[in-house]
Peer 1: 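Have a look at this one before I ask anything.
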There are 2 protein chains.
Amino acid sequence: MARITGSNGARTAAAIRDAARGLIYRHGYAAMNLRDLAAEVGIRPGSLYNHITTKQGLLFDLMSEHMTSLLAETDAALAAAGPEPMARLRAFIAHHLLYHFERRQEVYIANSELRALDPPNHARILTMRRDYEGRLIALLEAGAAAGELEITDSRITAYAILAMLTGVCTWYRPGGRCSKEELVALHTALVLDGIRRGNRGEAGGDR
Amino acid sequence: MARITGSNGARTAAAIRDAARGLIYRHGYAAMNLRDLAAEVGIRPGSLYNHITTKQGLLFDLMSEHMTSLLAETDAALAAAGPEPMARLRAFIAHHLLYHFERRQEVYIANSELRALDPPNHARILTMRRDYEGRLIALLEAGAAAGELEITDSRITAYAILAMLTGVCTWYRPGGRCSKEELVALHTALVLDGIRRGNRGEAGGDR
DNA sequence: CTTGAAAACGAACATACGTTAGTTTTCAGA
DNA sequence: TCTGAAAACTAACGTATGTTCGTTTTCAAG
């Protein structure tokens, strides 16, 4: 027996990436092995190589596809929000969360497996990530320039906001206590109230 | 040649844990191998087993020691802050950040390698982590009860705050642009302004 | 000074893993 | 219908890895 009846290259390739996403998400890249991956897809280990270059190449493809679509969809959401800085910032936050709810696995992998990439791949993904962070930094600076936000350090503030928003996908599960919309509202409030101009209490210093 | 002149059990055990922290922090538990670990300590792979039970046991010990000291030091910081809810909350935030600056490796490992623990070990570490989250949840609820905070959902708010604060150790490096004190002030402001009562702008909803 | 435990060594075992090679069968275009 | 590419199979190679075993040397207690 060799090639299987009804086998289809594109379908198998997609099944491999789907299964790989799940396995890497659950066990991590280093702990995932290609025999388990092949078994989940329903093929033999060697057959994987009709669809991937190497294990490392598979990881890079997954992360690259993810970052590309994250950037594209973010830009679309920002474009739809119009020119007003605060509206764009809200759109960014809402989109970030909704995207993360929808695609927890990709997001988690992109954030936790950077170190598993070999140097050239690492550099490429890092560039895309910096692009994404740059979107938020620009929004914060636009809001500050418009006099609506009070930002001490736009880069660090962006990191803090992204850490909070991205943290959601470590515990969010569909069908949990809060709806997606409630979570968006809650986080939008947390973020915006934390940086809106004129909102500073006596909290600024810790002594 | 066998036992080495001047060899000392306690010193070697400490060196193993130090080296393991660094290797796991940089490469992850699954990607760390005991030959590299032994080489970094300056002994042969088999000699590791005079000081550890298994690789898994080593990971558990590292995480367990970390969580134990985190809980103890947090309680000490809270005790020193006195009874006032907001003072305690500030103390929690400041302590969390300073602890994370000081012990980035342990913190990162504890947060990223939970899945590498086998089920019994996993359960034990998870209990300690829930304990820690419980400290913050209690503080938020005390602040709300005292009328100083406005909290929609204390658990989710706690997760969001912890994600933000813990995110620091993914990018913080000593000698960076901001001092530790500045970072504490910046994050304290972000958190407290985000949840202080009467601070709600029109940000609550996203539509 | 003797002796048993401690702590290192060298060597190896057993398995797991990424990957390759050669073969076989199916599919799609001429 | 024929033919070459596609996609699967079986088998295995080479290496890496966690761990064990028996030995040897040092340390410290009696």
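Because the structure is predicted, anything quoted here is derived from the model rather than measured. Just so we're on the same page: letters track the sequence lines, and every chain starts at 1. Quick note: numbers below take in every heavy atom, side chains included, and nothing from hydrogens, waters or symmetry partners.
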Peer 1: Would you mind reading off the distance between B/Asn50 atom CG and D/dG22 atom P, rounded to a whole angstrom?
Peer 2: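 Distance, rounded to whole Å: 15 Å.
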Peer 1: Would the number of heavy atoms belonging to other residues, nucleotides or ligands and lying under 6.0 Å from CZ of A/Arg26 be above 12?
Peer 2: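 More than 12 heavy atoms, drawn from other residues, nucleotides or ligands, come within 6.0 Å of this atom.
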Peer 1: Only counting residues at least two apart or in another chain, list the ones meeting side-chain contact (heavy atoms from CB on, under 4.5 Å) with A/Ala31.
Peer 2: A/His27, B/Ala30
Peer 1: My understanding is that only residues two or more places apart in sequence, or in another chain, count here; which of them pass side-chain hydrogen bond (donor to acceptor under 3.5 Å, both in side chains) with A/Glu84?
Peer 2: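 By the side-chain hydrogen bond (donor to acceptor under 3.5 Å, both in side chains) rule, A/Glu84 matches no residue at all.
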Peer 1: Go through the structure and list residues passing salt bridge (Lys or Arg N to Asp or Glu O under 4.0 Å) with B/Arg103, not counting sequence neighbours.
Peer 2: B/Glu73, B/Glu106
Peer 1: Quick one: B/Leu37 CG to D/dA16 P, roughly how many Å, whole number?
Peer 2: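 That distance rounds to 18 Å.
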Peer 1: Given atom CD1 of A/Ile43 and atom C1' of D/dC9, what is their separation to the nearest angstrom?
Peer 2: 11 Å
Peer 1: A/Arg44 near the nucleic acid: base, sugar-phosphate alone, or nothing, with a heavy-atom cut-off under 4.0 Å?
Peer 2: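 Base: the residue A/Arg44, judged by heavy atoms under 4.0 Å, touches a nucleobase.
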Peer 1: Between A/Thr12 and D/dA7, is there a side-chain N or O to OP1/OP2 distance below 4.0 Å?
Peer 2: no
Peer 1: OP1 or OP2 of D/dA8 less than 4.0 angstrom from a side-chain nitrogen or oxygen of A/His51, does that happen here?
Peer 2: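 It does, given that an N or O in the side chain of A/His51 lies less than 4.0 Å from OP1 or OP2 of D/dA8.
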Peer 1: Do any side-chain nitrogens or oxygens of B/Ser47 fall under 4.0 Å of OP1 or OP2 in C/dC9?
Peer 2: yes
Peer 1: Please tabulate, one pair per line, all N/O donor-acceptor pairs under 3.5 Å involving side-chain atoms of residues 130-140 of chain A, not counting sequence neighbours.
Peer 2:
| unit_1 | atom_1 | unit_2 | atom_2 | d |
| --- | --- | --- | --- | --- |
| A/Arg130 | NH1 | A/Glu133 | OE1 | 3.4 |
| A/Tyr132 | OH | A/His96 | ND1 | 2.6 |
| A/Arg135 | NE | A/Asp75 | OD1 | 2.6 |
| A/Arg135 | NH1 | A/Asp131 | O | 3.3 |
| A/Arg135 | NH2 | A/Asp75 | OD1 | 3.4 |
| A/Arg135 | NH2 | A/Asp75 | OD2 | 2.9 |

Peer 1: For nucleotides 12-19 of chain C, just jot down a letter per nucleotide in 5' to 3' order: B, S or -, based on protein non-hydrogen atoms under 4.0 Å.
Peer 2: B----BBB
Peer 1: Partners of B/Asp118 by salt bridge (Lys or Arg N to Asp or Glu O under 4.0 Å), sequence neighbours excluded?
Peer 2: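 Testing B/Asp118 for salt bridge (Lys or Arg N to Asp or Glu O under 4.0 Å), a comparison that skips the adjacent residues, returns none.
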